[in-house]
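Chain A is the first sequence line, chain B the second, and so forth, proteins listed ahead of strands; every chain is numbered from 1. Predicted model only: the values in this text are computed from it and were never measured.
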Number of protein chains: 2
Amino acid sequence: MQDTCTVNQTVKYLTKKWTLLIILELYKGQGYTRRFSELREAIGGITPKILSERLKELEEEGILTRNVDATAFPVKTEYTLTESGLGIVDVIRIIKQWALKWKIDNIPCGDQDCKVCVL
Amino acid sequence: MQDTCTVNQTVKYLTKKWTLLIILELYKGQGYTRRFSELREAIGGITPKILSERLKELEEEGILTRNVDATAFPVKTEYTLTESGLGIVDVIRIIKQWALKWKIDNIPCGDQDCKVCVL
DNA sequence: CGGTATCCTTTCGGATACTG
DNA sequence: CAGTATCCGAAAGGATACCG
């Protein structure tokens, strides 16, 4: 098994449910930054458990950084896309271009999400 | 939920286990073509059930075509990457470039799989 | 050769409640 | 606000056997 292949590993966490949406949501934020509760509300439907898991994974992969302001009350935590994280946005963009080229007839997408997508 | 988003849908089947390896294996074949048993052996570890499922999904998505030669005995079946399927290889290539830029220190990959990878 | 059918395990994600 | 802890159900994938 080629579980050591970097491409496979990358795809592995990128393809987990919610991950892409989290990255896109951070990308939309000012300074590519969002707070935990902002992500929760913006994404909608994600439970805190899963959101927390994904954020940890992405932090470990260097795709985002976690910044805690412990002086604030309640504690203020911000998540920010790193430079490499922005690289992932490029990847998503390529996928979108592929989709637009080969899946144009996907009406639901054309009319809804992708049209308002920041990509 | 944006299950109608084309990007999400695309990522959804691309990220299933084995899918990328199947696409890469087809890419390696002459004329981007491989037979069922060739895929099985080349990939290693995949069960016929899963391989069959993936091939069907990818055929439905237009990423590969299935060609059966019923005159042969036993029946000869070939799977070939389509033009849009080759586009997916490009996507993988971009991901690899991202990985090489940001994950160079992944020694196992550098020494093994990616070095011999056709990408 | 190119699959399908069955069954079983494991993994993932959802629901909910609770805490510093 | 920003999570963690527990429990549970669904779904994905693996093992194995069999068939045209």
Does this structure show an ion pair linking B:Arg34 with B:Glu25, if we count only N-O contacts that are shorter than 4.0 Å? yes
Examine D:dT4: is either OP1 or OP2 under 4.0 Å from a nitrogen or oxygen in the side chain of A:Ser52? Give yes or no. yes
Heavy-atom nearest nucleotide on DNA chain D for B:Pro74 versus A:Lys56: which residue maps closer to 5'? A:Lys56
For C:dG14, does OP1 or OP2 lie under 4.0 Å from any side-chain N or O of A:Lys17? yes
Against the side chain of A:Arg54, the closest entry in C:dC12, D:dG3, D:dC1 is C:dC12
Atom pair CD1/CD1 of B:Ile88 and B:Ile63 - distance to nearest 0.5 Å: 4.5 Å
What's the closest nucleotide to the A:Lys49 side chain, out of C:dC1, D:dT6, D:dG14? D:dT6
Using a cut-off of strictly less than 4.0 Å, decide whether A:Thr47 has a side-chain nitrogen or oxygen near OP1 or OP2 of C:dA15. no
Please report, rounded to the nearest Å, how far the C1' atom of D:dG13 is from the CG atom of B:Leu51. 13 Å
In this structure, CG of B:Leu58 is separated from CZ of B:Arg54 (nearest 0.5 Å) by 8.5 Å
Would you mind reading off the distance between A:Ile43 atom CD1 and D:dG3 atom P, rounded to a whole angstrom? 14 Å
Atom-to-atom span, CG of B:Asn67 to P of C:dC1 - whole angstrom: 19 Å
Figure out the CG/P separation between A:Leu55 and C:dG13, and round it to whole Å. 13 Å
Any A:Lys76 side-chain nitrogen or oxygen under 4.0 Å from OP1 or OP2 of D:dG3: no
Please check if the number of heavy atoms outside A:Glu59 that lie under 6.0 Å from its CD is greater than 12. yes
Touch class at under 4.0 angstrom, heavy-atom based, for A:Arg35 against every strand present: sugar-phosphate
Nearest-Å distance, CZ (A:Phe36) to P (D:dC1)? 11 Å
Tell me whether the rings of A:Phe36 and A:Tyr79 are parallel (<30°), tilted (30 to 60°) or perpendicular (>60°). tilted
Under 4.0 angstrom between B:Trp18 side-chain N/O and D:dG14 OP1 or OP2: yes
Short side-chain N/O contact from B:Tyr79 to OP1 or OP2 of C:dC1, under 4.0 Å: no
Below the 4.0 Å mark, does C:dG2 have OP1 or OP2 next to a side-chain nitrogen or oxygen of B:Arg66? no
Compare side-chain N and O positions of B:Arg40 against OP1 and OP2 of C:dC1 and report whether any pair is under 4.0 Å apart. no
